[in-house]
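Reading through the structure tokens given below for one structure.
All ligand and atom numbering here is 1-based and tracks the order in the structure.
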Amino acid sequence: MTGPLAGVHVSDLPVSAAVREHYRASGIEELYPPQAAAVEAGITEGENVVAAIPTASGKTLIAELAMLTADGPALYAVPLRALAREKYESFADLPGVSVGISTGDFDSPDEELGAEDVVVATAEKVDSAIRNGASWVEDLACVVVDEVHLLGRERRGPTLEVTLATLQRRAPGVQIVALSATVDNPEDVASWLDAELVESTWRPVSLRTGVYDGDDVTFDDGSTLDVDVSDADEGDTDGERDTEATAALVEGSIDSGGQCLAFVRSRREAESLAMRLAEDDLAPDGDAAADLAAEIRDVDGTSTGHRLAEAAESGVGFHHAGLVNEHRALVESAFRERNLGVICATPTLAAGVNVPARRVVVRDLERYTGEEMSKLPVLEVHQMCGRAGRPHLDPYGEAVLVGDERTAEDLWDRYVDAGPEAVESQLAAREALRTHVLSVVASGFADSTASVLDLLDATFFAHQSPDVDLSGLLDTVTGELSGMELLDVGEATAETTDADTAATGDGSDALAATSLGETVSRQYVRPETGARLIEGIRTIEGMADDDVTALTALGVVCATPDMRGTYLGNRERADVYRYASRHAAAFTTAPEEADDFEAWLCAVKLARLVFEWSEGASIEALVDRYRVGPGDVESHVERTVWLLGAGDALAATLDADVDVFDRVRRRLVDSADDTPGDGVDRQPR
Ligand code: ADP
């Protein structure tokens, strides 16, 4: 991208002198070509823009230019809480700009955010604020959506598209800026949002991607790299050979002054690769590594924590969802400060916080999905590779996919030669539609099938599939919600008949959320979760008082689909079953009544785990006993607290004399306060 777009200087930007000075102080004089293209597309003049550009090509500045020049408050929506914090800190550095971050519970509208120039929040939080009647949303002049390609994700995607469609209605004329990874169909997203498209593959640091074929690496720029795999004996398994090649690639890069990210398929693999790499000393600075190890040990005494500290002493870190938040944050910051040479990570690291490295090695290109091994999506692999090359720090970036003589060609065709997948709406999933149809009705945004259809018509789904029978889908979903007692579906009212029949030419049913439906929507739980909680509350009402214990409430919430599942080892099964039998009187569902026995056992296991945590069991003990990660205990407790709150609110709506949800919730919150270092903040992810 050269020519007319090149040469936009910071001094040309319509922002305050202080902001210009701030940019200069951080090394920004001239805009990168994709940034200049965004200015050309009208980013500073209120135009909608979709920017589909690579990692590190300066998306943050594009977002800032839109927000700083908007005629009113701006919202920056991120997919993950960890990213909200990162962006908040970066915007808070902008002179003369007040920034808020939405970290409250899901059942509050966060009205105080109305006073800020910029609000950073997760898309889920924005959705829940809208459901709870937040008026600040209506004053927004600009909305930036980070990682908009997540529209294609199963659960997040539908929330994102319905939230965007709703926001455009609530704040008419709002400027929408969507930032995307490189995908196959950015023009679809742009035309949906009525936006100018800025598409570019330009990167500030060059990136070469290559495949290791068991012998050497061939890169897409034609160059090759010898890999000196010392320990690959004849008898090694494929897995060991891949690991040794990965180790050689990591060490080679560190020896020449770079840092590495090594991606593997699972938590266990991340830890075991880290332990293998830690056999060699890869610490850029021995003293700093020892300090880091001590800090890691201070957080907790779990076996995971011990392993992490031991690896850190050799300059090696690992990173996955089973770590407690504090450990994850320590690994990220130590890597940024160059106190770790390498992080062994699951692919989630590539979608999360910003930790670029000189070389990225992707050892595993397949992942177990619960049933079989499946190949990683191209988009995901490109996200990992895109982390290679730190602007201002590395002369170049390199990404290597580890294969062997049999797989190398396929890896090359799939991940180097071919482009990423297209973004496809997931809103057609009935579960997603149920959630969002209930929420638009419950929040007073629609009161008839015609007005819901009108909103659905503005979604990415309708844009991509104009021929789908939305009306038929809606009828199915409203029928299901009505069966769950969450929605009243009536004949057309006089008003809707007049307005909508005239407009649409056919009849339209009036829709109204029941009081239960309103509570479900406000508590931000899925309709199916609401239905399960309601069923549980009714069963509890009929139980003898003595039988209703903490386990009763925990058993109900842990069996809802909003509670993330857990793994059940073979040996655990019998033990969990015995536990359930011993406490049978406390549980609202007997094994023979369960639709899915395995899911029922998992719910019992989770209820027991959280119960023991509330009784004072240490995370160390729970991690050993239940073979979960320390971070899992943290997130299970967090989710339970949220769902107990929803259970209590539904019990109040039902006017049921059931206070056990509230009692257990309080106990968990108190235990969290009493447990130093647990860092449980009471908000679901
Ligand atoms: P991403 O596109 O991954 O969000 P960032 O916005 O974080 O990328 O930018 C990556 C790095 O490039 C940051 O360190 C940022 O300060 C720097 N940067 C962004 N724009 C410019 C520019 N025009 N000139 C010099 N450095 C820039």
Side-chain angles (χ1 to χ4, degrees), residues 1-2 5-15 19-40 43-44 49-68 76-80 82-95 118 120 144-150 177-183 186 198-207 259 261 332-333 335-338 349-358 360 379 382-397 399:
M1 215 177 278
T2 52
L5 297 179
V8 178
H9 288 263
V10 163
S11 49
D12 302 330
L13 296 173
V15 292
V19 169
R20 280 187 224 138
E21 198 37 55
H22 167 79
Y23 285 143
R24 284 198 200 96
S26 46
I28 303 177
E29 279 291 344
E30 186 175 346
L31 297 202
Y32 286 157
Q35 296 167 336
V39 170
E40 188 88 349
I43 195 100
T44 59
V49 172
V50 170
I53 58 180
T55 316
S57 57
K59 292 190 193 109
T60 312
L61 182 83
I62 295 181
E64 289 173 357
L65 290 181
M67 300 195 295
L68 289 168
Y76 189 97
V78 291
L80 299 169
L83 285 173
R85 175 61 48 190
E86 193 176 296
K87 291 297 171 188
Y88 170 80
E89 281 163 11
S90 137
F91 302 149
D93 282 346
L94 290 167
V118 171
V120 184
V144 181
V145 185
D146 198 0
E147 316 259 349
V148 77
H149 53 269
L150 295 177
V177 174
L179 308 174
S180 173
T182 313
V183 292
V198 173
E199 194 181 6
S200 164
T201 53
W202 183 90
R203 290 175 45 103
V205 183
S206 70
L207 168 67
Q259 286 175 288
L261 297 176
E332 289 157 14
S333 61
F335 191 76
R336 279 196 209 108
E337 287 156 22
R338 317 202 93 180
L349 180 68
V353 288
N354 193 16
V355 277
R358 182 175 303 174
V360 167
L379 182 58
H382 285 189
Q383 294 271 88
M384 296 184 222
C385 296
R387 295 285 172 185
R390 300 169 52 145
H392 308 305
L393 289 172
D394 290 322
Y396 56 85

Handout entry: Close approach, Ser26 and ligand 1, non-hydrogen under 4.0 angstrom
Key =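 The answer is no, since Ser26 has no heavy atom less than 4.0 Å from ligand 1.
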
Handout entry: Residue-ligand contact Glu30/ligand 1, heavy atom below 4.0 Å
Key = yes

Tell me which protein heavy atom sits closest to [atom], plus the residue, atom name and distance to 0.1 Å.
atom                    : result
atom 3 (O) of ligand 1  : Ala56 N, 2.6 Å
atom 6 (O) of ligand 1  : Thr60 OG1, 2.8 Å
atom 11 (C) of ligand 1 : Pro391 CG, 3.8 Å
atom 9 (O) of ligand 1  : Gly58 CA, 3.7 Å
atom 2 (O) of ligand 1  : Lys59 N, 2.9 Å
atom 14 (O) of ligand 1 : His392 CD2, 4.2 Å
atom 20 (N) of ligand 1 : Gln35 NE2, 2.9 Å
atom 27 (C) of ligand 1 : Tyr32 OH, 3.2 Å

Tell me whether [X] has any N or O atom under 3.5 angstrom from an N or O of ligand 1.
X     : value
Lys87 : no
Thr55 : no
Ile28 : no

Exercise for the section: Answer whether the closest heavy-atom distance between the side chains of Leu31 and Val39 falls below 4.5 Å. Expected result: yes

Exercise for the section: Give a yes or no on whether the backbone of Leu94 and the side-chain of His22 come within a donor-acceptor separation of less than 3.5 Å. Expected result: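 Answer holds: no.
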
Exercise for the section: Would you check if the side chain of Lys59 reaches a backbone N or O of Ile53 as a donor-acceptor pair within less than 3.5 Å? Expected result: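 Yes, the answer is positive, given that a donor and an acceptor are paired below the 3.5 Å cut-off.
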
Problem - Side-chain donor-acceptor contact under 3.5 Å, Glu29 with Tyr23 - result: no

Approximate separation, where rounding is to 0.5 Å, of [X] [atom1] and [Y] [atom2]:
X      : Y      : atom1 : atom2 : answer
Gln35  : Leu61  : CD    : CG    : 4.5 Å
Glu30  : Asp12  : CD    : CG    : 9.5 Å
Arg358 : Gln259 : CZ    : CD    : 9.0 Å
Asp146 : Leu80  : CG    : CG    : 9.5 Å

Problem - Atoms of ligand 1 close to Leu31 [distance to a heavy atom under 4.0 angstrom, numbered from 1] - result: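 Those atoms are 23 (N).
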
Completion exercise
Taking only non-hydrogen atoms of Gly27 and a 4.0 Å limit, the atoms of ligand 1 in range are 25 (C)

Handout entry: Protein non-hydrogen atom found under 4.0 Å from atom 25 (C) of ligand 1
Key =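 Yes; the ligand atom in question has protein heavy-atom contact below 4.0 Å.
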
Handout entry: salt_bridge(Arg336, Glu86) N-O dist < 4.0 Å
Key = yes

Exercise for the section: Give me the ring orientation class for Tyr32 and Trp202: parallel if the planes are under 30° apart, tilted from 30 to 60°, perpendicular past 60°. Expected result: tilted

